[in-house]
Every structure is written in C-alpha cells, then in structure tokens.
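Each remark here refers to the structure printed beneath this line.
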Amino acid sequence: MLEIKFVRQNKPKVQKALLMRGETVDIETFLNYDDERRAVLLEIEELRRRRNLVSQQIASMKKDGDDTDALVIEMREVSNKIKDLDKSLSETEEKIYKILMELPNIPHESVPIGKDSSENPVVKQFGKQPEFEFTPAPHWTLGENLGILDFDRASKIAGARFPLYLGAGARLERALINFMLDVQTKEHGYKEVLPPFIVNRKSMTGTGQLPKFEEDLFKLEGWDYFMIPTAEVPVTNIHQGEILNEDILPIKYVAYTPCFRSEAGSYGKDTRGLIRQHQFNKVELVKFSKPESSYDELEKLLNNAESILQRLKLPYQVISLCTGDLGFSAAKTYDIEVWMPSQDVYREISSCSNFESFQARRADIRFRRKGKKGTELVHTLNGSGLAVGRTFAAILENYQQADGTISIPEVLQPYMDCSSITKET
RNA sequence: GGAGAGAUGGCCGAGCUGGCUGAAGGCGCUCGCCUGCUAAGCGAGUGUGGGGUGAAAACUCCACCGAGGGUUCGAAUCCCUCUCUCUCCGCCA
C-alpha cells in the first residue's frame, strides 16, 4: 500500500510508475475521492468540536442546576448531522481504500525499464553448464526410473501437480531442507522459525496477496483461512502491528514451509515434473530492515540465497526484473535462475525482493529511533533460499550420469549418507 | 462442544455507580541536574493516526482504551454482535 498523502503529493511520479508497470489505474478519480473525503472530514470535525464544547457546557450547567433543554435539543440535531456525514465519509473512504489496496508499489530507481519478462537483464552468472556425452534426460524421467518420484500415484492421491517422493528421493528433499536451513542459521545469522501453514485474511492482506490475488490461493471451505503460498506471509506477519526497537534491526528469519498455490491460469505450462506444483517445499529468508540500509540488505539476501547454489555447484544466473515484470508489492526484485540441462534453459529457483515500506504499511510494522520521537515504517525483504523442489530437479538434471544414476553434490553427502542415487538406494 | 474470566499507552497496571481521563501510578526511554558511597537520587519530557494554517519550526482541531454497531447532549465506562486470550469440564491427538 502506498500512503495516500504520498499519492496526492506525487501524482506524476505515481502515474509514471504505474505506466512503467503496464498498469492502468485512474489516479485522477482517486484524487477526486480524496478531495471529497477531506472536505467532508473538515465539516464533521467542526461539528464534533462544537458538540464537545456544548456537552461540557451542559455538564457544568447541570451542576449549577440550570435548564439545559434548549441546548440538548440543539445538540441532538448536531449529532444526527454528524451521523449522516459520517456515513457518507465512510462510503468515500471505502472507495479510496479499495483503490489504494490494489495500487502496486513504486519501482526503485535502479529497476530496469521494460515491458515484460523478455526485457529482464542478466546481472550475473555463475558456474559452468555441464557437458554431457549423451542427451540429458528431464528430471521426471530420471526420478521415475530411479523410483524416487511417482507422479502417477501422486495424482491418484491428490491430483495433477502434486509430488510424491519415495525412498532416496524423500531423503534428498529432506537433506536439501536441512542443508539450506543449516547454512542460513549457522553461517549467515538467520533465526529459524516454523510458522503456521494456514493464515487468516489479515495476514494475507498484510503482505499483499489479498485482496487482489485471491484466485491464486487455496482457501479453506467454511473458514476465512488460506493455505500459505509462501512462508513470506506468516513470517512477515510475525511482527504485524508491532513497534520494534531500533537496535534489533535488521531482523533475519529463515523458515522452511510447504507452499500451496492454485496455479490458476497456468494450464498447459510445465505440466510435467516438479517445476510447477500445487504443493512444494521452500526455505524462505525474511528480513526487517531500516529504510536506509534495505538495499544493502537486499544484496546480502541475494548473496545468501546464491551461496546455496554455489555450494551445490549448480550453474545459475541472476536477473533483475524490469518494471513491467515486477511483482505487485515489490520495489525491486532479483530472480535467481538455475540451469536445467534437459530444457537447455535457466529456470527461476529464487526471487529476492525489497518491498520497502509497502508491506510494512499494510501490516503496520514500525520501529522507533533512539532519541527521536515518533515511529517509522520498517522495510521488509524476502527471498527464497531456495525453492526445494526445483533444487531437487536441478540436481537430478545436472548431476545425472550416463547410466541414469545421480551423483550427490559433496555438501549433501553427509545429509544423505551416500554419494549417489541408484535404483538400489 | 459446555461453564466462567479478561482484552486500556513501548511494557505493567488503575479507572468501568457515564461529564476538565488521552487516560492515575509504576517500569522503560530521552534530556538536564546532582553525586564519596556507587545497576543511587532529583527535575523535566515521553502514544498513534488523520485534517487545517504555515516555506519551515510551529500552532491548532478531530479521532483512537480488542473490532464493529447501538443508547445518550455527552461513553474507556451502559447495551448488542464479533474476534482473540486465559481457567475449568468434555472430546481428540
């Protein structure tokens, strides 16, 4: 959410930002509602002031035994007037709120301008793409042949787009989760949290999934509860409505959670394999930062996420999302894309964003500076560190051998108790 | 599922027979003072949001005592609905 005052005072800037995002929102109408709101507010406040004054007068007159009937009658009318105006005010505010909640964040000045994902520049690359003396198989073929993935049975249990890991596959998934958590907690100073996987409407609104993107979520029948699409939601909302102490910033959390997404509108895309599932595992990094250091924190967060791929020796590249491809709540986003040999393409495996005060304003997360009065909104950031299912897929594909077995990256071997996955493991 | 108790400022905690209570007191924090009796004492200050005037400092107004309604000239205080927390019973793990 943007601040209404900011929109009022920076109309050209907001309009330009929306245009660069390819959004069409009528700021003019919005600001007219705001004018209307303030005009009515002024009137209401004047009436309230008068009522407050006279009410006190009535109190003291009663104490003296004076007759107050005339004043009481007059105030009865004033109160009715206030009630009417209040109603019209809340109607106007409703309209303003609706627009405000669906207004996306302003991109940071360093975000490249572009219309869609085809214009996202690559900002760095790491690792060498493996060369195979055979045609590399896709991970679903490898996984099914080894008996560690079973999509047929998964669809029997739940349906399309659900994973079933078996044996060494289940162990590899768990090894990855533990490895990622260990690196982030032991080496990068993140605090591990294990949050609820179901959240209420307020939390979803706080991080920006609602009200605009309800169709992307799984909602619980008969409850105003939603399955989390990412740990970002419960973890960012840990500090919802709080005023934080300056000296505990930045706060760094890492959380493993399953994630649930309806994937509405993605029919026909990535129909095979682990890339696009209704349920997948993710280790998420979340930060709360002071405004002046949030972009430094974004770079560090990105590096922390990258370090997982570096240790797994998986080739990847980092792209900076351009204005037209930026997510609703983000001011700036880097995507990390891992090399997928079977498709000869880099696939998104992490998304690291700075939301600045956009989420903090919605979720009401502030901090207080020492020796200064008043509070300020914190900046929130998050990034995958990493999407586990996609990491699993990348390992299968990049580490596949001619005989269809998978060698295990060295750093994972202590977690796996083996150095390769064969049919026998 | 049944019975009861509660929700007040950064925190703790009064007020709840309606009217100088935006809210006592304490803690914390900030600034200043003092200091031979040392994690002390003294003094002052210290909520949030919104509006108006102003270049700004500032001044001023309105709202906020879990949320939303109601009663009333006037509500933290009375009534209703909802949410959450706690205790006891039942049930399940």
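Quick note on labels: first sequence line is chain A, next is B, and so on, each numbered from 1.
- Out of B:G51, B:G10, B:C73, the shortest distance to the side chain of A:Met75 is found at B:C73.
- Taking the ring axis of A:Tyr253 as reference, the NZ or CZ atom of A:Lys191 does not stay both within 45° of it and closer than 6.0 Å to the ring centre.
- Remark: B:C20 base-pairs with no nucleotide in the shown strands. Criterion, Watson-Crick or G-U wobble with two distances under 3.5 Å.
- Among B:U48, B:G51, B:A63, the nucleotide with an atom closest to any side-chain atom of A:Arg48 is B:A63.
- The separation of B:G19 from B:U30, taken at their P atoms, amounts to 37 Å, rounded to a whole angstrom.
- Of the two residues contacting RNA chain B, namely A:Lys63 and A:Tyr225, the nearest-nucleotide position lying further toward the 5' end is that of A:Lys63.
- Under the Watson-Crick and G-U wobble criteria, each requiring two contacts below 3.5 Å, nucleotide B:C92 is left unpaired.
- Here B:G51 presents its C1' atom at 5 Å from CD of A:Glu45, a figure rounded to the nearest Å.
- Residue A:Lys62 is in base contact, counting any heavy-atom pair closer than 4.0 Å across all strands shown.
- Residue-level contact check: A:Lys83 touches the backbone only, with heavy atoms under 4.0 Å from sugar-phosphate atoms and none from bases.
- Across B:C78 and B:U72, the matching C1' atoms stand 10 Å from one another, rounded to whole Å.
- Closest to the side chain of A:Glu3, from the set B:G51, B:C73, B:G50, is B:G50.
- A donor N or O paired with an acceptor N or O is not found under 3.5 Å between the base of B:G74 and the side-chain atoms of A:Gln56.
- With a 3.5 Å ceiling on both atom-pair distances, B:G9 lacks any Watson-Crick or G-U wobble partner.
- Base pairing of B:G32: its partner is B:C42, meeting the Watson-Crick or G-U wobble criterion (both donor-acceptor distances under 3.5 Å).
- Checking B:G49, B:C73, B:C62 against every side-chain atom of A:Arg49, the shortest atom distance belongs to B:C62.
- Taking atom NZ of A:Lys87 as the reference point, atom P of B:G69 lies 12 Å away to the nearest angstrom.
- Whole-Å rounding puts the A:Gln9 CD to B:G52 C1' distance at 14 Å.
- At the heavy-atom level, A:Ile58 lies under 4.0 Å from base atoms of the strands shown.
- In this structure, A:Arg390 contributes its side chain and A:Ile275 its backbone to a donor-acceptor pair below 3.5 Å.
- When both distances must be under 3.5 Å, the Watson-Crick or G-U wobble mate of B:U87 is B:A3.
- Contact annotation: A:Arg76 does not reach the phosphate of B:U72 (side-chain N/O to OP1 or OP2, under 4.0 Å).
- Taking the side chain of A:Asn52 as heavy atoms from C-beta on, and the options B:A63, B:G50, B:G19, the nearest nucleotide is B:A63.
- A ring-centre distance under 6.0 Å is not found for A:Phe260 and A:Phe197.
- Nucleotides B:A23 and B:G36 place their P atoms 39 Å apart, quoted to the nearest Å.
- At a threshold of 4.5 Å between non-hydrogen side-chain atoms, the residues A:Pro104 and A:Leu18 count as touching.
- Separation of the P atoms belonging to B:U21 and B:A76 is 13 Å when rounded to the nearest angstrom.
- Whole-Å rounding puts the A:Ile243 CD1 to B:G28 P distance at 19 Å.
- Shown here, B:U48 forms a base pair with B:A63; the pair counts as Watson-Crick or G-U wobble because both key distances fall under 3.5 Å.
- In this structure, the CD1 atom of A:Ile248 is 15 Å from the P atom of B:G10, given to the nearest Å.
- Spacing of P atoms, B:G10 relative to B:A5, comes out at 29 Å, to the nearest Å.
- Rounded to a whole Å, the CG atom of A:Leu53 is 15 Å from the P atom of B:G74.
- To the nearest whole angstrom, the two P atoms, one in B:G49 and one in B:G9, are 15 Å apart.
- Nucleotide B:C20 holds its P atom 16 Å from the CG atom of A:Asp64, rounded to whole Å.
- Rounded to whole Å, atom C1' of B:G10 lies 17 Å from atom CZ of A:Arg369.
- Regarding contacts with the backbone of B:G74, a side-chain N or O of A:Arg51 is found under 4.0 angstrom from either OP1 or OP2.
- A side-chain donor-acceptor contact under 3.5 Å links A:Ser350 to the backbone of A:Ser384.
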Handout entry: Audit row: A:Glu297, A:Ser289, side chain to side chain donor-acceptor pair (under 3.5 Å) steps and yes/no
Key = CA-CA 7 Å; A:Glu297 295 296 339; A:Ser289 149; 5.3 Å; no
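- Between A:Glu214 and A:Lys219 there is no salt bridge, since none of the side-chain N atoms of the basic residue sits less than 4.0 Å from a carboxylate O of the acidic one.
- Base pairing analysis places B:A58 opposite B:U53; the two distances defining the Watson-Crick or G-U wobble pair are each below 3.5 Å.
- Annotation: B:U35 and B:C42 have their C1' atoms spaced 11 Å apart (nearest Å).
- Counting any heavy atom pair closer than 4.0 Å across all strands shown, A:Arg201 reaches no nucleic acid atom.
- Nucleotide B:U72 forms no Watson-Crick or G-U wobble pair with any nucleotide shown, as no partner meets the under 3.5 Å limit on both distances.
- Side-chain contact check for A:Asn120 and A:Ser117: no donor-acceptor pair (N or O, by modelled atom type) lies under 3.5 Å.
- Using a 4.0 Å heavy-atom distance criterion, A:Thr375 is classed as a sugar-phosphate-only contact.
- Of the residues near RNA chain B, A:Arg368 and A:Ile44, the one whose nearest nucleotide (by heavy atom distance) lies more toward the 5' end is A:Arg368.
- Rounded to a whole angstrom, the distance from the P atom of B:U17 to that of B:U53 is 43 Å.
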